[in-house]
Structures are given as structure tokens and as C-alpha cells.
Amino acid sequence: MDYREVASINLARLLKDGGTAKASGAVREAFWVGEERFPLEGEATWKVAVSSVGGNEYWLSGEVEGVVLMECRRCLKPTPTHVHAHFQHLLRYEPGLPEVAFHEEDEYYAFGEPDLDLLPFLTEAFVSEMPYTVLCEEGCKGLCPVCGADRNLVDCGHEVETPHPLLDLKDLLPEL
């Protein structure tokens, strides 16, 4: 396998002779989805294989694994979260196509250049596999809603009264 920092694979030999092409590498620092950044602790490693399945069709399969830093849902502390994602996609070679395009009706990705950019596939798989929320620890006390102090580190002394959920019902019923 060819280890590389650039998340791409050259399929020139595969397009000409068939067979399978493999590559592996790493994504450093972060994954990006639009303007949103998902920072990594260390690097996320990936490996892929692209196999000819006949005609101009190819099967892309791979995996990406790393540790993303997510915010704890209670105290907002950066929390390392392990992610391991697998993906598979049908590819179709359409010579001259300027960029990879997804064909929703037939569920395949079309590409037109021998150098296939893998970063969109890696990013989609990795981010889709991330949990929606995380806790830095099960007993996280969170932030004080009055002063914003991290209640895991300090006791600010603020007590927040939690109103009874049925308290407002008394106003709905006339006095007997």
C-alpha cells in the first residue's frame, strides 16, 4: 500500500488494466464540512481499495479511524472521542468529467480524472459516524447557569431551583 498525506488515489493503471488499487494515509489536524471544523487529536488514518467490477464501474471501499475533539455537552470541555468508520461506494468513470458528482437516481459517484480525491468520502464517513453529543465523564456537573463556572472544578455556591413540572397547572384549574 502507498502511504500518503494527500487523500487521493491514482487510478490510471486500474482504468487501463483492471484489478484493484490500494492506498492508505492520514488526515492531519481536522476534518472540514463547509465552515465547520472538527479538530483531531493526532491524525486520522485511512485505507481504501478500488476494484474494477466491469465496464467503467469500480467499487470503492475503505475505512477511516481517529480521535476527534468534541465539546462535552455539559461543561464544553474538549473531549477526545474515538471514531472508526467504514464506507463503500459505486464509482463510474466518465472521461472528462471535471469533478466528482453523485448521481442520486442510480446511487453512484461519477469521476472523470485518474486522480480520485478521497477527502470527501473520508470526511463524510468520519463525520457521519461521530456521536451527536459526548460527556467528558459520566458524572459531569456542567456549567453553573448563574455564573458560568465549571462546577466540576469549583463550587460557586449558586443553587438553581428546578421548578416542579406541574406547578403551572394550578393556574389552569379554578379554585374549588
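In this structure, CH2 on Trp32 lies 10.0 Å from CZ on Phe38, to the nearest 0.5 angstrom. Annotation: the span from Glu65 atom CD to Lys47 atom NZ amounts to 9.0 Å, rounded to 0.5 Å. With rounding to the nearest 0.5 Å, the separation of CD in Glu113 from CD in Glu99 is 11.0 Å. In this structure, Ser52 OG and Leu91 CG are separated by 11.0 Å, a value rounded to the nearest 0.5 Å. Separating the CZ atom in Phe87 from the CG atom in Leu118 is a distance of 6.5 Å, to the nearest 0.5 Å. The line from CG of Asp117 to CD1 of Ile9 is 12.0 Å long, rounded to the nearest 0.5 Å.
In the hydrophobic clustering of ILVMFWY residues, with side-chain heavy atoms under 4.5 Å counting as a link, Leu69 and Val64 come out apart. Cluster annotation: Leu116 is not connected to Leu90 through the hydrophobic network of ILVMFWY side chains, with a link wherever side-chain heavy atoms come within less than 4.5 Å. With hydrophobic clusters built from ILVMFWY side chains whose heavy atoms lie under 4.5 angstrom apart, Val67 does not share a cluster with Val134. Tracing side-chain contacts under 4.5 Å through hydrophobic residues (I, L, V, M, F, W, Y), one reaches Val33 starting from Leu40; they form part of the same cluster.
Of all the heavy atoms in Glu124 and Tyr109, the pair that sits closest is OE1-OH, 3.6 Å. Summarising the geometry of Glu129 relative to Ala85, their closest heavy-atom pair is CB-CB, 3.7 Å, with the distance given to 0.1 Å. When all heavy atoms of Pro39 and Val68 are compared, the pair lying nearest together is O-CG2, 3.2 Å. Gly18 approaches Arg13 most closely through the heavy-atom pair O-NH1, 3.7 Å.
Here the side chains of Phe121 and Val48 are not in contact, with every heavy-atom distance at 4.5 Å or above. Using a 4.5 Å cut-off on side-chain heavy atoms (C-beta onward), Val100 and Pro120 make no contact. At least one side-chain heavy atom of Leu14 sits less than 4.5 Å from a side-chain heavy atom of Tyr58.
Residues passing the ring pair (Phe, Tyr, Trp, His ring centres under 6.0 Å) test with Phe126, sequence neighbours excluded: Phe31. Residues forming a side-chain contact (heavy atoms from CB on, under 4.5 Å) with Pro114 (at least two apart in sequence, or on another chain): Asn10, Ala12, Leu15. Every ring pair (Phe, Tyr, Trp, His ring centres under 6.0 Å) that His86 has, sequence neighbours left out, goes to His84. For the side-chain contact (heavy atoms from CB on, under 4.5 Å) test, residues two or more places apart in sequence or in another chain that qualify with Ala110 are Glu94, Leu97, His103, Tyr108. Scanning for side-chain contact (heavy atoms from CB on, under 4.5 Å) contacts around Glu104 gives Phe102, with sequence neighbours left out.
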Please tabulate, for side-chain N and O atoms in residues 135-151, each donor-acceptor pair with protein atoms closer than 3.5 Å (sequence neighbours left out).
{"from": "Asp150", "atom 1": "OD1", "to": "Asn152", "atom 2": "N", "distance (Å)": "2.9"}
{"from": "Asp150", "atom 1": "OD1", "to": "Asn152", "atom 2": "ND2", "distance (Å)": "3.1"}
{"from": "Arg151", "atom 1": "NE", "to": "Lys141", "atom 2": "O", "distance (Å)": "3.2"}
{"from": "Arg151", "atom 1": "NH2", "to": "Lys141", "atom 2": "O", "distance (Å)": "2.8"}

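A side-chain donor-acceptor contact under 3.5 Å links Thr79 to the backbone of Lys77.
Counted by atom type alone, His89 and Glu107 present zero donor-acceptor pairs between their side chains at under 3.5 Å.
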